[in-house]
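Proteins get letters first, then strands, A, B, ... in listed order; numbering begins at 1 in each. Keep in mind it's a predicted model, so treat the numbers as computed, not measured.
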Protein chains: 2
Amino acid sequence: MTRRDTYVCGIDAAIDVVGGKWKVLILWALHAEGTCRFGQLKREIPGVTEKVLTSHLRELEADGIVRREVYEERVPRVEYSLTPLGASLNEALEPLGAWGRAHLLPQDHHDRRSA
Amino acid sequence: MTRRDTYVCGIDAAIDVVGGKWKVLILWALHAEGTCRFGQLKREIPGVTEKVLTSHLRELEADGIVRREVYEERVPRVEYSLTPLGASLNEALEPLGAWGRAHLLPQDHHDRRSA
DNA sequence: CAGTATCCTTCACGATACTG
DNA sequence: CAGTATCGTGAAGGATACTG
């Protein structure tokens, strides 16, 4: 998504953070699964390439949404998790998610609440 | 924004509707101003070109977010307004807007949380 | 395992000119 | 007034191969 330099309201600023093609899915996965490793995320988000997943994660990290922790062990390990800011973003997205579920997705009982 | 054919959750579906570069600004303007004519919208959203404004409006119309009404008069007139669906979308976006205002915009009188 | 490194494609958006 | 009609560009995203 094209970074804007001036924002008119909070919404377009937020959309800018969250508007990448796979970003909300990353947020969703990290929220649902908790801390995730790279390969785990890749599996949770079928279709995304490693390159794009990496760049999205780095952008979310730069925006303070995601925490990235590297463990220098014999077997390399990196763990991703939501920052408090990321968790609050996810909460702010919930009404939008509910709207999408109710109006855009095929069917679904729309009384299914998620935390 | 790239249309996706399958959605994983309501949020990415909603982002798809609302993720065009100027779309939330259109929603914002229609919400704030009420019914608007084309030129009016153009003035409310500085920087957007006629071509892009047109195509965004048509997409929002196709998604049921915006109502477009043509008046065949001596002076051509077209009025845009939010549909009930569009109004509900705007409401669902409000928490995201609040989040963006609190965390992304320079400053209101708001105190800034952790850097 | 968790990425890089290249190369390539697409299309969203922009600039400008013209019109019913 | 409210748009089309073209043409052009850049960056986001994808495919594939390779690596510390």
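- Counting to the nearest Å, the P atom of D:dA12 and the NZ atom of B:Lys21 are 11 Å from each other.
- The pair A:Glu59-A:Lys23 meets the salt-bridge criterion, with a side-chain N (NZ, NE, NH1 or NH2) lying under 4.0 Å from an Asp/Glu carboxylate O.
- Closest to the side chain of B:Val75, out of D:dC1, D:dA15, C:dA15, is D:dC1.
- Rounded to whole Å, atom P of D:dC18 lies 14 Å from atom CD of A:Glu50.
- Under 4.0 Å is where a charged nitrogen must lie from a carboxylate oxygen, and between B:Glu94 and B:Arg101 at least one such pair does.
- Between B:Arg74 and the phosphate of C:dG20, there is no side-chain N or O to OP1/OP2 separation shorter than 4.0 Å.
- Counting any heavy atom pair closer than 4.0 Å across all strands shown, B:Arg58 reaches sugar-phosphate atoms only and no base atom.
- Distances were taken from every side-chain heavy atom of B:Trp22 (C-beta onward) to each of D:dT4, D:dA2, C:dG14; the shortest belongs to C:dG14.
- Across the protein-nucleic acid pair, B:Glu73 atom CD and D:dG3 atom P stand 14 Å apart, rounded to whole Å.
- Here C:dT16 sits opposite D:dA5 as a Watson-Crick or G-U wobble pair (both hydrogen-bonding atom distances under 3.5 Å).
- Looking at heavy-atom distances under 4.0 Å, B:Tyr80 makes contact with sugar-phosphate atoms alone, never a base.
- In this structure a side-chain-to-backbone donor-acceptor pair under 3.5 Å is missing from B:Asn90 to B:Trp28.
- Remark: the backbone N or O of A:Leu41 is not paired with any side-chain donor or acceptor of A:Glu44 at under 3.5 angstrom.
- Considering only side-chain atoms of A:Val78, the nucleotide from C:dG3, D:dC1, D:dG13 that sits closest is C:dG3.
- When the nearest nucleotides of DNA chain C are assigned to A:Leu57 and B:Gly47 by heavy-atom distance, the more 5′-ward of the two goes with A:Leu57.
- As rounded to whole Å, 13 Å separates atom P of D:dG13 from atom CG of B:Asp12.
- In this structure, B:Ile15 atom CD1 and D:dG13 atom C1' are separated by 17 Å, rounded to whole Å.
- In the hydrophobic cluster analysis, where Ile, Leu, Val, Met, Phe, Trp and Tyr join through side-chain heavy atoms closer than 4.5 angstrom, B:Phe38 is grouped together with B:Val70.
- Side chains of B:Arg67 and B:Thr83: no donor on one and acceptor on the other come within 3.5 Å.
- Taking atom CD on B:Glu72 and atom C1' on C:dG20, their separation rounds to 10 Å, with Å as the unit.
- Sequence order on DNA chain C of the closest nucleotides to A:Lys51 and B:His56 puts A:Lys51 first from the 5' end.
- In the region residues 33-42 of chain B, proximity to DNA chain D at under 4.0 angstrom, judged on heavy atoms, holds for B:Arg37, B:Phe38, B:Gly39.
- We find that CD of A:Glu79 is positioned 14 Å from P of C:dC1, with the value rounded to whole Å.
- When rounded to the nearest whole Å, the span between CG of A:Asp16 and P of C:dA12 equals 17 Å.
- Under the 3.5 Å distance criterion, the side-chain polar atoms of B:Asp12 are matched with a main-chain donor or acceptor of B:Val8.
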